[in-house]
Amino acid sequence: MAEQPSNLPTAYDPKRAEDKWYDYWIEGGFFEAGKDPEKKPFSVVIPPPNVTGYLHIGHALDNILQDILVRWKRMEGYDALWLPGMDHAGIATQAKVEARLREEGVSRHDLGREKFLEQVWDWKEHYAQIIRNQWRKLGLSLDYSRERFTMDEGLSQAVREVFVRLYQKGLIYRGKYIINWDPATQTALSDIEVIHKEVQGHLYHMNYPLKDGSGSIRVATTRPETMLGDTGVAVHPEDDRYRDLVGKTVILPVVNREIPIVADEHVDAEFGSGAVKITPAHDPNDFEIGLRHDLPQILVMDETGTMNENAGPYQGLDRFQCREKIVDDLQEAGVLTEIEAHTHSVGHSERSGAVVEPYLSTQWFVRMKPLAEKAIQDIRSGEGVQFVPERFEKIYLHWIENIRDWCISRQLWWGHRIPAWYCTDCSETIVAREDPDHCPKCGGEHLHQDEDVLDTWFSSGLWPFSTMGWPEETEDLKRYYPTDVLVTGYDIIYFWVARMIFSGLEFTGTKPFRDVLIHGLVRDAEGRKMSKSLGNGVDPMEVIEKYGADAIRFMLSTGVTPGNDVRFRWERVEAARNFANKIWNASRFALMHLEGVKAEDLSLNGPLSTADRWILHRLNETVERVTAGLNRYDFGDAGQSLYHFIWDELCDWYIEFAKLPLYGDDEAAKDSTRSVLAYVLDQSLRLLHPFMPFITEEIRQHLPVEGDSITVASWPQSQSRFEAPEAVGEMEILIETIRAVRNTRAEMDLMPKQQVDLLIRAGEEAVPAFRNNEAAIRRLCGVDRLEVDPSLRRPERAMALVVTGAEIFLPLEGVIDIEQTIAKLEGERKKLDKEVERVEKKLANEGFVNKAPAHVVEEERQKGREYREKREKVVNRLKELRGE
RNA sequence: GGACGGUUAGCUCAGUCGGGAGAGCACCUGCCUUACAAGCAGGGGGUCGCAGGUUCGAGCCCUGCACCGUCCA
């Protein structure tokens with residue numbers, strides 16, 4: 001590398017590293033799968049973002065988690081494939097393009113279908129490029145050679161194949177039913193595209209007069225404008241109040257239509273008056289009742305929500321204007337006698353926000369029961385998709401068990417055109433893989449294709465296999481399908497996850513992924529959902545610009561608890577940035593001492609110090625913990641244990657200990673310290689790489705180690721030769737001692753430069769810890785004279801400290817305050833008294849001693865011994881200080 | 001109405017064998033100690049929502065309740 005370590009800036013600069021290394025990775029083809037057929041495959045498909053616009057921070061979280069898994073598996077030696085792609089997002093994208101056209105005063109109808117679609121494709125290309133650039137900024141290790149789009153040729157082929165197969169199996173049908181109609185975007189919606197909100201509305205009570213003049217029947221509704229489409233009144237067959245009225249006729253006010261009173265089990269006799277008006281064309285329940293009683297279906301609105309010719313005097317009014325007017329009129333006419341405040345659930349379009357109108361319309365549907373059955377069986381078999389966290393399985397199951405037929409046709413232009421043709425000559429419907437040119441029934445050539453397109457999720461549901469080439473038996477499909485894990489938010493379990501599962505089972509005969517990892521939403525600092533209207537969204541690119549990609553990656557990935565929402569807080573990004581900087585500087589330190597050193601100069605076979613053996617032991621444990629964390633998708637635990645290891649152990653202790661040999665004269669010690677430092681740093685960088693890819697590559701490129709890129713460096717393994725429990729024991733004593741001395745120095749207001757003497761009376765077991773590390777103690781405690789002697793005589797007028805296995809004296813003639821020393825020891829004694837009491841009480845409890853596991857009891861006894869020993873020393877010191 | 005999640009330090013959250021309550025930030029004290037002031041050293045701070053129960057032992061398991069949130073109907 002051109003830069004000398006000593007010239008490296010003292011702060012990590014993400015901007016200098018990120019683009020450079022991403023280019024290097026892409027040019028080097030490190031993310032392209034399939035290069036080594038010997039390796040085991042590991043595959044993930046990205047949840048395709050909509051080409052509607054920019055990625056938000058939720059995408060960032062989702063993608064970062066996947067990237068961590070994929071990078072980790074790649075380092076573990078798998079042939080890792082992460083397949084990128086995007087979704088055409090029918091309604092959303094079309095709405096955006098239409099909105100832009102509207103600004104120019106043009107409607108899609110002005111342009112015509114073909115011209116309009118050209119515009120949408122332009123839009124798609126524009127945003128696809130933006131999204132790719134955002135992926136790049138996030139550092140995602142995607143295989144761009146396999147990028148897919150839901151409206152690609154191949155994926156469209158898959159859509160058509162699926163449609164035809166389902167149609168031929170009788171699982172797709174076309175019919176006239178009540179669907180959810182969005183008057184704003186003027187298309188049908190599926191059930192889950194409707195969001196139910198509690199709305200403060202009214203319940204309107206009306207009296208419909210009986211034809212025979214014998215009175216009236218009282219009905220209630222929340223949507224009085226629909227009364228214009230009433231074709232019946234229904235009561236419960238067991239309801240005595242109305243028994244005599246069943247079969248009679250009422251005159252519908254305003255339109256003066258004669259409509260029957262029918263008896264139907266479905267009516268809830270407890271609600272309102274127990275009689276309900278029936279509007280078969282504008283309500284799903286009424287539709288069913290209407291069918292049972294053969295009632296006419298009268299639509300009173302058009303596609304825009306405007307009252308139509310069937311609305312008589314109200315024709316031309318918007319549905320809500322009509323409601324107001326009709327309420328006034330009916331009140332005046334004495335028909336509407338009571339208005340009651342009433343909260344009820346009103347469906348809104350997920351996309352446009354408009355109040356959804358239940359609407360009678362001819363649409364295409366998927367018969368869900370048989371498909372759902374397979375999915376339910378699969379999960380019940382125990383061999384099905386594994387949800388992580390497990391609780392989401394229940395949510396999924398509940399939905400799939402109660403699923404209704406899926407309305408898949410959309411009155412849009414942007415999407416997969418429904419592969420159905422109608423013969424104008426004989427009105428035959430033709431569903432085919434290839435566009436037909438004549439009617440197979442009558443031979444006529446007057447065919448026209450269905451105008452509608454398919455629900456976006458129809459194609460997204462095929463994503464894991466359509467992207468791999470299905471229905472062709474491609475090499476990729478054989479090698480990478482089914483995928484290993486799908487990572488997505490809980491908000492699209494129904495929309496997407498469920499549909500991929502039943503589609504995978506139906507068309508490929510296997511579940512599309514082994515695990516599905518569900519994460520939460522990224523909320524703002526106050527816990528509110530990020531939204532455009534609140535303006536509280538955080539742009540991930542802004543975060544990267546300010547703090548670097550590694551910072552946002554580390555913050556988001558380690559801040560999450562599986563399945564729970566995470567709040568975005570700038571302080572935490574800053575903390576992650578500081579961590580990156582910490583690593584940068586630790587590396588700078590290491591590089592300063594490795595200048596001119598080559599990989600082959602390094603060896604861990606030299607004499608290793610206590611600290612060397614301790615850090616290698618701790619590295620072992622960290623490797624195991626990080627790997628275990630990733631294995632169970634616990635990014636938080638994996639990341640935090642790494643953070644702790646690097647910052648608190650490697651930086652705060654090991655490097656401080658390492659400075660002695662590194663700045664000393666003992667060349668052998670220097671060599672082995674350099675080797676350990678380089679090794680531990682390299683291993684730490686590897687463990688950190690999935691979380692912070694850029695800085696780890698940047699640093700490792702400076703280190704004297706083998707290999708092209710850290711992206712393909714092997715994943716660390718714990719090694720039994722590094723196990724050194726005795727070094728851990730020694731370090732614990734040293735750390736406790738150093739802390740105790742520093743603590744005392746702080747309390748006595750000693751300047752850092754002021755040296756003290758330290759006399760240590762160590763028990764036999766603790767002697768090696770001190771003897772082997774005298775220089776370190778001197779350095780880290782600011783010690784001038786140091787004596788370690790098991791038979792040391794207590795000096796006069798000295799501060800006394802008690803640590804595990806030793807007593808420490810600081811003769812501070814002229815500085816020591818005897819009262820302060822006594823107070824300190826008294827505090828210590830009180831604490832130890834409490835501990836001893838707690839332990840003894842526990843051990844005196846027969847239940848504990850008899851029932852607790854032996855090792856727990858033994859640990860407790862051991863603690864008791866240590867506390868008593870320590871307390872005895874403290875008490876003796878106090879006695880001496882008081883001259884007793 | 002049903003289901004699920006949450007309630008732990010001032011704030012945001014960990015706590016996956018039931019065995020002495022943790023982190024980051026914030027706060028207080030002292031330090032520009034030649035890797036790092038985006039830092040170092042030291043320190044204070046919690047009735048683990050409430051009430052019962054199981055257990056030798058409960059933040060953790062069971063029951064009930066309260067409040068916040070989400071999904072479904």
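Chain letters run A, B, ... following the sequence lines, proteins first, then strands; residues in each count from 1.
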Inspect the surroundings of NE2 in H398(A) and state if more than 12 heavy atoms from other residues, nucleotides or ligands are less than 6.0 Å away. no

Measuring only the C1' atom in each nucleotide, how far is G18(B) from U70(B)? A whole number of Å is fine. 30 Å

Looking at G45(B), which nucleotide sits across from it as a Watson-Crick or G-U wobble partner, both distances under 3.5 angstrom, or is there none? none

Between A14(B) and C25(B), how far apart are the C1' atoms? Round to whole Å, please. 14 Å

Give N581(A) one of three labels, base, sugar-phosphate or nothing, depending on what nucleic acid heavy atoms sit under 4.0 Å from its own. base

How would you label the contact of W570(A) with the nucleic acid (heavy atoms, under 4.0 Å): base, sugar-phosphate, or nothing? nothing

Separation between the P atoms of C61(B) and G19(B), rounded to whole Å: 12 Å

Candidate nucleotides C40(B), G19(B), U70(B), ranked by approach to the side chain of K582(A) - the nearest: C40(B)

Nucleotide forming a Watson-Crick or wobble pair with C4(B), both distances under 3.5 Å: G69(B)

Could you let me know what C50(B) is paired to, Watson-Crick or G-U wobble, both distances under 3.5 Å, or none if it's on its own? G64(B)

Any strand, both distances under 3.5 Å, Watson-Crick or G-U wobble: C32(B) pairs with none

Any strand, both distances under 3.5 Å, Watson-Crick or G-U wobble: C25(B) pairs with G10(B)

When all nucleic acid strands are considered with a 4.0 Å heavy-atom cut-off, which category describes N564(A): base, sugar-phosphate, or nothing? sugar-phosphate

If I pick the P atom on C62(B) and the same atom on G6(B), what distance separates them, to the nearest angstrom? 12 Å

I want to check a possible cation-pi pair here: R618(A) against W653(A), using under 6.0 Å from ring centre and within 45° of the ring axis as the test. no

Any base atoms under 4.0 Å from Y663(A), or only sugar-phosphate, or nothing? Heavy atoms, all strands. sugar-phosphate

Just wondering, do K830(A) and K834(A) contact through their side chains at under 4.5 Å, heavy atoms? no

What residues in residues 651-659 of chain A put a non-hydrogen atom under 4.0 Å from any atom of RNA chain B? C651(A), D652(A), I655(A), E656(A), K659(A)

Using the C1' atom in both, what is the distance from A37(B) to C32(B), to the nearest Å? 7 Å

Residue R577(A), side-chain heavy atoms: nucleotide from A38(B), U16(B), G19(B) that is nearest: A38(B)

In terms of side-chain heavy atoms of N578(A), which of A38(B), C36(B), C4(B) is nearest? A38(B)

Between D612(A) and Y654(A), a side-chain donor and acceptor under 3.5 Å: yes

NA contact type, H644(A), heavy-atom cut-off 4.0 Å: base, sugar-phosphate, or nothing? nothing

Ring pair (Phe, Tyr, Trp, His ring centres under 6.0 Å) partner of Y643(A), chosen from F635(A), F579(A), F691(A): F579(A)

Could you check which nucleotide pairs with G19(B) in any of the strands shown, counting Watson-Crick or G-U wobble with both distances under 3.5 Å? C56(B)

Select base, sugar-phosphate, or nothing to describe what F579(A) touches, counting heavy atoms under 4.0 Å on all strands. nothing

With C1' as the reference atom in both, quote the distance from G45(B) to A9(B) in angstrom, rounded to an integer. 6 Å

Identify which nucleotide among A38(B), G19(B), C36(B) has an atom closest to any side-chain atom of P853(A), counting heavy atoms from C-beta outward. G19(B)

Within the 4.0 Å heavy-atom criterion, would you say T561(A) contacts the bases, only the backbone, or no part of the nucleic acid? sugar-phosphate

Let me spell it out: for each of R742(A) and R569(A), pick the nucleotide of RNA chain B with the closest heavy atom. Which residue's pick is nearer the 5' end? R569(A)

Are any non-hydrogen side-chain atoms of F657(A) and R779(A) less than 4.5 angstrom apart? no

With rounding to the closest Å, how many angstrom separate the P atoms on A23(B) and G44(B)? 12 Å

Between A38(B) and G43(B), how far apart are the P atoms? Round to whole Å, please. 23 Å

Does A575(A) reach a base, just sugar-phosphate, or nothing at all? Heavy atoms under 4.0 Å. sugar-phosphate

Among A73(B), A35(B), G19(B), the nucleotide that comes nearest once only the side chain of H196(A) is considered: A73(B)

Both conditions, 6.0 Å and 45 degrees, for the charged tip of K659(A) above the ring of F589(A): are they met here? yes

Distance test, side-chain N/O of R567(A) to OP1/OP2 of U12(B), below 4.0 Å: yes

Distance, nearest 0.5 Å, that separates CD of E698(A) from CG of D13(A): 9.0 Å

Would you please say whether a donor-acceptor pair under 3.5 Å links the side chains of Q862(A) and E858(A)? no

As a test of reading the structure: which of U70(B), C25(B), G19(B) is closest to the side chain of E571(A), going by heavy atoms? C25(B)

What nucleic acid atoms does R739(A) come within less than 4.0 Å of, heavy atoms only: base, sugar-phosphate, or nothing? sugar-phosphate

Candidates C36(B), U70(B), A14(B) - which lies nearest the side chain of R523(A): U70(B)

Residue from V356(A), V355(A), V194(A), I195(A) passing side chain to side chain contact (heavy atoms under 4.5 Å, CB included) with V346(A): V355(A)

